Amino acid sequence: MTDMPTLKPERPFFSSGPTAKFPGWSASNLKTEALGRSHRSAVGKARLKYAIDLSRELLGVPDDYLVGIMPGSDTGALECAMWTMLGARPATVAAWESFGNVWIQDAVKQLKLPDLQVLDADYGEIPDLTQIPQGNDVVFTWNGTTSGAKIANTDWLEQGREGLAVNDATSAVFAQEMDWAKLDATTYSWQKVMGSEAQHGMLVLSPKAVKRIESYDPAWPLPKLFRLKKGDKLNRAIFEGATINTPSLLATEDYILALEWAKSIGGRKAMFERADANAKIVTDWIEATPWMRNMVADPAQRTNTGVCMVFQGDWYESLSAEDQVGVPKKIAAMLDEHDVGYDFNGYRDAPPSLRIWCGGTVEQEDLKRLLPWIEWAYESLRNQ
Ligand SMILES: Cc1ncc(COP(=O)(O)O)c(C=O)c1O
């Protein structure tokens, strides 16, 4: 029987979104000058523009790309890209977990795209992306948050391809390098890798995407929240901080604070290194634990953010399907009760699993302290 560990993580925050705040975060450090002011005032617009400029700088977004703050978090930004740009050419939607499957449903049931290729794969796998014609617009999820599978590279996107590449990068930016030259519309939300307050989505557009928006009007109606055009032209003010509707300036301040922290520790490279080192602790432990298996078989496709793991072995396999679902649920509940680890049960639509967030705002020591507790909880369940 494994003894109950004594050391607890200092910050037991392992949720895959909203994720942990950065080390040292405090609400008292939020700037408040813009709060209670109009988002169209000089001070409001300046803070929104600063959030855009810092995002651009930290992510290494090319100068001729546009970066905007959108309503509706990542979903809002991604669906805005789909609704405003798709339909002009044949399209592919490629998915390998729950969120990508939502974008498939959008394309099939909502937009009813006539010339559509759907490429999907089970949790833990990535479909054969080389099947995507270079003339097709493609929508994909860079890093599948609910399966832990990421694309290994962008070799399947040819430089200068005719179709647009629409990239849901919400659990990858600030943890993995984006290949901007091949990406036309990239989206993410603040509560993921930066651990900021949820509210807004970011939309990063290439010149090719701008050209599509200015030369094409989709057949379907566009709600105001998706309207990026003023007359025939892109409304560039949106990408300077003049958001479509009223943003949360409090959430904006929180995002700025996280960006400033990331800059102070060395920018995105430091964030990548932190996520890599964190994920290594968890993936090495999975390899060394006989009753655990990484949900993703191919090491090149394993994420460094939301690492997902499933159970295996005689005891687990002897359980009914219902009892198997109970294993990660009970482990997560036991550790929650001891204030050792919060919110790390696998996603509700994924196979029974644990999912431990390893992004750059998490500390290595906290992960090292969490893992023996999982061993203890598992052994406790097994010996019940
Ligand atoms: C890959 C991916 N896409 C989309 C979403 C939805 O994001 P939001 O809640 O910011 O709209 C999530 C949220 O976890 C996600 O992980």
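Sequence positions, counted from 1, serve as the residue numbers for this chain. Note that these values count all heavy atoms, side chains included, but never hydrogens, waters or copies made by symmetry. Remember, it's 1-based here, ligands and their atoms both numbered in the order they're listed. Since the model is a prediction, treat every value here as computed from it, not as a measurement.
Between the side chains of Thr145 and Ser171, at least one donor N or O lies within less than 3.5 Å of an accepting N or O. Side-chain atoms of Asn143 and Thr305 form a donor-acceptor pair, as typed in the model, at a separation below 3.5 Å.
Residue-ligand proximity, Ser189 to ligand 1, at heavy-atom distances under 4.0 Å covers atoms 10 (O). Those atoms of ligand 1 that come under 4.0 Å of a heavy atom in Thr141, given as number and element, are 1 (C). Per-residue contacts place Lys192 under 4.0 angstrom from the following atoms of ligand 1 (heavy atoms of the residue considered): 13 (C), 14 (O), 16 (O). Residue contact check: Thr145 has heavy atoms under 4.0 Å from atoms 1 (C), 2 (C), 15 (C), 16 (O) of ligand 1.
Contacts between Thr170 and ligand 1 below 4.0 angstrom, taking non-hydrogen atoms only, involve the side chain exclusively.
Ranking protein heavy atoms by distance to atom 7 (O) of ligand 1, first place goes to Asp74 CB, 3.6 Å. Nearest protein heavy-atom contact of atom 11 (O) of ligand 1 is Thr75 OG1, 2.5 Å. In terms of protein heavy atoms, atom 10 (O) of ligand 1 is closest to Ser73 OG, 2.4 Å. Atom 13 (C) of ligand 1 has as its closest protein heavy atom Phe99 CZ, 3.2 Å. Looking at atom 3 (N) of ligand 1, its nearest protein heavy atom turns out to be Asp168 OD2, 2.6 Å.
Geometrically, ligand 1 and Gln191 share a nitrogen or oxygen pair separated by less than 3.5 Å. Close N/O approach between Trp103 and ligand 1 is not found [any backbone or side-chain N/O within under 3.5 Å]. In terms of polar-atom proximity, Ser16 is not counted as a contact of ligand 1, lacking any N or O under 3.5 Å from an N or O of the ligand.
Checked for salt-bridge contact, Arg212 and Asp137 meet the test: a charged N lies under 4.0 Å from a carboxylate O.
Contact of the Ile331 side chain with the Tyr378 side chain is registered, since non-hydrogen atoms from C-beta on lie closer than 4.5 Å.
Grouped by direct or indirect side-chain proximity (heavy atoms under 4.5 Å, Ile/Leu/Val/Met/Phe/Trp/Tyr only), Val325 sits alone.
With hydrogens and angles disregarded, no donor-acceptor distance shorter than 3.5 Å links the side chain of Ser189 to the backbone of Gly201.
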Pairs of donor and acceptor atoms involving the side chains of residues 22-33, under 3.5 Å and at least two apart or interchain, shall be tabulated with distances.
residue : atom : partner : partner atom : Å
Trp25   : NE1  : Asp254  : OD1          : 2.8
Ser26   : OG   : Ser28   : N            : 3.2
Ser26   : OG   : Ser28   : OG           : 2.7

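With Val67 as the partner, the side chain to side chain contact (heavy atoms under 4.5 Å, CB included) test is satisfied by one option alone out of Val61, Leu54, Thr186, Leu59: Val61.
Taking the six-membered ring where tryptophan is involved, the planes of Trp285 and Trp291 are perpendicular, since the angle between them exceeds 60° and thus also 30°.
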